[in-house]
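Letters A, B, ... mirror the listed sequences (proteins, then strands); counts begin at 1.
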Amino acid sequence: MLNKKQIRYCLDVMAEMFPDAKGELIHSNPFELVIAVLLSAQCTDKLVNKVTAHLFLKYKEPEDYLAVSLEELQQDIRSIGLYRTKAKNIQKLCKVLIDEYNGEVPRTKEELMTLAGVGRKTANVVASIAFGEPAIAVDTHVERVSKRLGICRWKDSVIEVEETLMRKVPREEWSVTHHRIIFFGRYHCKARNPNCLECPLLELCREGKKRVKNV
DNA sequence: CTCCCGATAT
DNA sequence: ATATCAGGAG
């Protein structure tokens with residue numbers, strides 16, 4: 001397991017590699033962000049952006065998603081995986097926004113997580129990006145990178161990964177840190193054949209050293 | 001734990 | 001062909 005200083009070093013290296021790390025889901029308000037993040041489950045954000053480019057022209061407000069049939073909404077997001085579940089969740093979510101929140105997106109993680117299709121990760125992303133609240137959303141990349149490097153244990157749950165990161169990183173850096181780890185995972189420490197031989201963090205990466213040995 | 005699920009990279 | 005993609009709910 002890496003200590004606090006080693007983790008700090010990892011994050012600094014990531015910052016140097018990806019100085020412009022930030023969210024890549026295209027949106028123009030909190031509501032669009034919620035929809036985009038919900039759609040992004042098990043799907044690349046690139047594809048989400050392709051779909052929302054059309055989607056957001058047709059659907060501006062929660063009412064618009066309820067004005068069409070479930071089947072029509074499914075067709076409009078069809079090229080994204082899990083589209084039946086996501087279409088259903090979007091309509092449920094929009095109804096709650098209208099009935100409970102006056103058509104606005106709630107600001108707290110707790111409220112966000114009560115919405116259909118919005119779990120811990122999505123709530124953290126929305127709270128962080130739309131409302132500037134410090135948060136570390138643990139997605140597939142953050143989990144994989146944290147476990148490979150030894151920031152946390154292999155068997156840790158996503159909540160434990162999140163808690164470890166929040167403990168080891170100062171609060172004001174949570175949001176940038178989150179994005180840096182994502183970029184590092186997405187473009188460098190990839191799920192399939194990560195290029196450990198050219199990794200600046202190889203020396204302190206337990207998984208990297210193990211992989212290099214097996215080549 | 002399983003299911004939802006199309007697009008894309010390898 | 002198959003693993004993986006800004007996961008969440010039952």
Whole-Å P distance, C/dG8 and B/dA7: 22 Å
A correct 5'-to-3' footprint of nucleotides 5-10 of chain C, with B, S and - meaning base, sugar-phosphate only and no protein heavy atom under 4.0 Å, is BBBSS-
If you apply the rule side-chain hydrogen bond (donor to acceptor under 3.5 Å, both in side chains), what do you find for A/Thr108 with A/Glu111, and how did you get there? CA-CA 5 Å; A/Thr108 70; A/Glu111 288 172 312; 3.0 Å; yes
Reading DNA chain B from 5' to 3', where do the contacts with chain A start and stop? Cut-off is 4.0 Å to heavy atoms. B/dC4 to B/dT10
Would you call the rings of A/Phe183 and A/Tyr187 parallel, tilted or perpendicular if under 30° counts as parallel and over 60° as perpendicular? perpendicular
Have a look at A/Lys50 and say if it touches a base, only the backbone sugar-phosphate, or nothing, with a 4.0 Å heavy-atom cut-off. sugar-phosphate
Within a strict 4.5 Å, meaning less than it, do heavy atoms of the A/Val145 and A/Arg148 side chains meet? no
Any ion pair linking A/Arg153 and A/Glu160 (charged N to carboxylate O, less than 4.0 Å)? no
Can a cation-pi geometry be assigned to A/Arg78 and A/Tyr83, taking NZ or CZ under 6.0 Å from the six-membered ring centre and within 45° of the ring axis? yes
With rounding to the closest Å, how many angstrom separate the P atoms on B/dT2 and C/dA6? 23 Å
Flag side-chain contact, heavy atom, 4.5 Å: A/Asn124 against A/Ser128: no
Looking at A/Cys199, is its backbone amide N or carbonyl O close enough to the side chain of A/His188 to form a donor-acceptor pair, meaning the two atoms are under 3.5 Å apart? no
Is A/Arg192 touching bases, backbone alone, or none of the nucleic acid, heavy atoms closer than 4.0 Å? base
How about A/Phe31 and A/Tyr59: are their ring centroids closer than 6.0 Å? no
